[in-house]
Amino acid sequence: MHFIFWTAVGICLGVIFASLFEWTLHRFFMHKPTWGFRYPFERHALIHHDIFRADHTYHAAHIQDAKKIPMAWWNGPVLVALCQLPFLVAALISRKWGLVCGGAIACTIYFAAYEYMHWCMHLPKRRHVERSGIFFRLNGHHLLHHRYMRNNFNVVLPLADFCFGTLLRRSTVAFAQARGPSVPNVQPRANGQFAGSRGSALV
């Protein structure tokens with residue numbers, strides 16, 4: 001029971017840390033070269049964002065475009081392993097090895113959710129998950145990132161976006177956005193009032 005308890009603690013902390021890690025990676029490495037490391041910037045900002053914008057091109061139109069949606073296969077194990085470093089340090093100090101187990105479970109599921117939802121967002125097929133309210137709102141959240149690349153860095157859990165002030169709920173100006181059954185309207189409100197970083201929810 002002791003191990004199970006700390007595993008549960010590790011899962012809770014892992015979800016929070018994964019959101020912070022996703023935000024940091026996305027903002028500081030995937031949108032600009034950092035410390036001379038250009039790979040994530042070139043793959044994401046220069047290729048992914050060049051193909052997928054916030055208009056009708058948000059959805060993949062060709063099979064060659066769809067291939068640019070997911071990360072390379074080896075990115076997952078590397079990112080999950082990096083996420084375990086703080087849990088490993090905490091476990092070495094506290095001798096609570098359930099923290100590592102829980103952190104690994106949470107970060108693995110988080111990365112898998114990121115890849116699957118990101119795939120569904122850019123290549124919709126009326127899947128069951130695409131009919132959920134959570135996906136609907138997260139899809140609008142990500143669509144706005146493709147319009148405003150300095151906002152909405154989270155895909156799975158916008159906790160870090162909320163904490164660090166990069167959460168954008170609606171567009172500041174009207175634009176020709178992508179449409180579809182799982183894509184919310186992210187245009188400014190009709191009365192001209194803009195719902196900003198901590199405004200009302202998408203409708």
Side-chain angles (χ1 to χ4, degrees), residues 14-60 64-87 89 103 106-108 110-123 137-173 175-178 183 186 194-199 202:
V15 171
I16 296 172
F17 181 78
S19 177
L20 300 175
F21 183 88
E22 178 193 13
W23 185 91
T24 301
L25 176 68
H26 199 165
R27 180 174 184 180
F28 295 109
F29 291 89
M30 297 173 73
H31 279 277
K32 62 181 179 180
T34 301
W35 302 328
F37 187 41
R38 296 185 56 86
Y39 171 76
F41 167 71
E42 292 175 352
R43 292 281 299 180
H44 183 76
L46 300 186
I47 297 179
H48 182 75
H49 274 279
D50 183 58
I51 297 172
F52 303 101
R53 301 179 184 273
D55 56 13
H56 68 280
T57 61
Y58 180 74
H59 297 140
Q64 59 267 30
D65 293 340
K67 294 178 180 179
K68 303 299 182 182
I69 300 174
M71 295 184 182
W73 68 267
W74 54 269
N75 287 182
V78 171
L79 295 176
V80 171
L82 288 174
C83 284
Q84 299 320 299
L85 294 179
F87 294 94
V89 172
C107 293
T108 299
Y110 193 100
F111 178 81
Y114 171 94
E115 284 288 76
Y116 182 64
M117 287 198 298
H118 192 229
W119 174 265
C120 293
M121 288 171 180
H122 289 295
L123 193 66
R137 286 163 175 77
L138 289 176
N139 200 12
H141 180 83
H142 188 59
L143 173 66
L144 283 169
H145 172 69
H146 278 261
R147 179 65 176 82
Y148 302 96
M149 288 191 286
R150 294 185 179 181
N151 293 93
N152 294 6
F153 295 103
N154 287 126
V155 171
V156 179
L157 177 63
L159 174 64
D161 276 319
F162 177 80
C163 292
F164 298 134
T166 55
L167 180 63
L168 187 67
R169 296 184 185 274
R170 286 186 175 275
S171 176
T172 57
V173 297
F175 70 98
Q177 72 162 76
V183 181
V186 296
F194 161 60
S197 62
R198 311 243 171 137
L202 295 171

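Distance alone, capped at 3.5 Å, places no donor-acceptor pair between the Asp55 side chain and the Ala176 backbone. Between the His146 side chain and the Phe52 main chain, a donor and an acceptor come within less than 3.5 Å of each other.
Across all their heavy atoms, Met71 and Glu115 have their closest contact at N-OE2, 3.1 Å. When all heavy atoms of Cys83 and Phe17 are compared, the pair lying nearest together is O-CE2, 3.5 Å. The two residues Asn154 and Ser19 come nearest to each other via the heavy atoms ND2-O, 3.0 Å. The minimum heavy-atom distance linking Pro33 with Arg38 is given by the pair CG-NH1, 3.4 Å.
Rounding to the nearest 0.5 Å gives a distance of 12.0 Å between CG of Asp65 and CD1 of Ile47. Taking CE of Met30 as the reference point, atom CG of Leu46 lies at 11.5 Å (rounded to 0.5 Å). Summarising the geometry, atom CG belonging to Leu157 is positioned 8.0 Å from atom CD belonging to Glu22; distances are rounded to the nearest 0.5 Å. Rounding to the nearest 0.5 Å gives a distance of 5.0 Å between CZ of Phe87 and SG of Cys107.
Side chains of His145 and His141: no donor on one and acceptor on the other come within 3.5 Å.
Note: His48 and His142 have tilted aromatic rings, judged against thresholds of 30 and 60 degrees for the angle between ring planes.
Considering only heavy atoms from C-beta on, Phe153 stays 4.5 Å or farther from Leu25 through its side chain.
Tyr58 has its ring centre less than 6.0 Å from the ring centre of His122.
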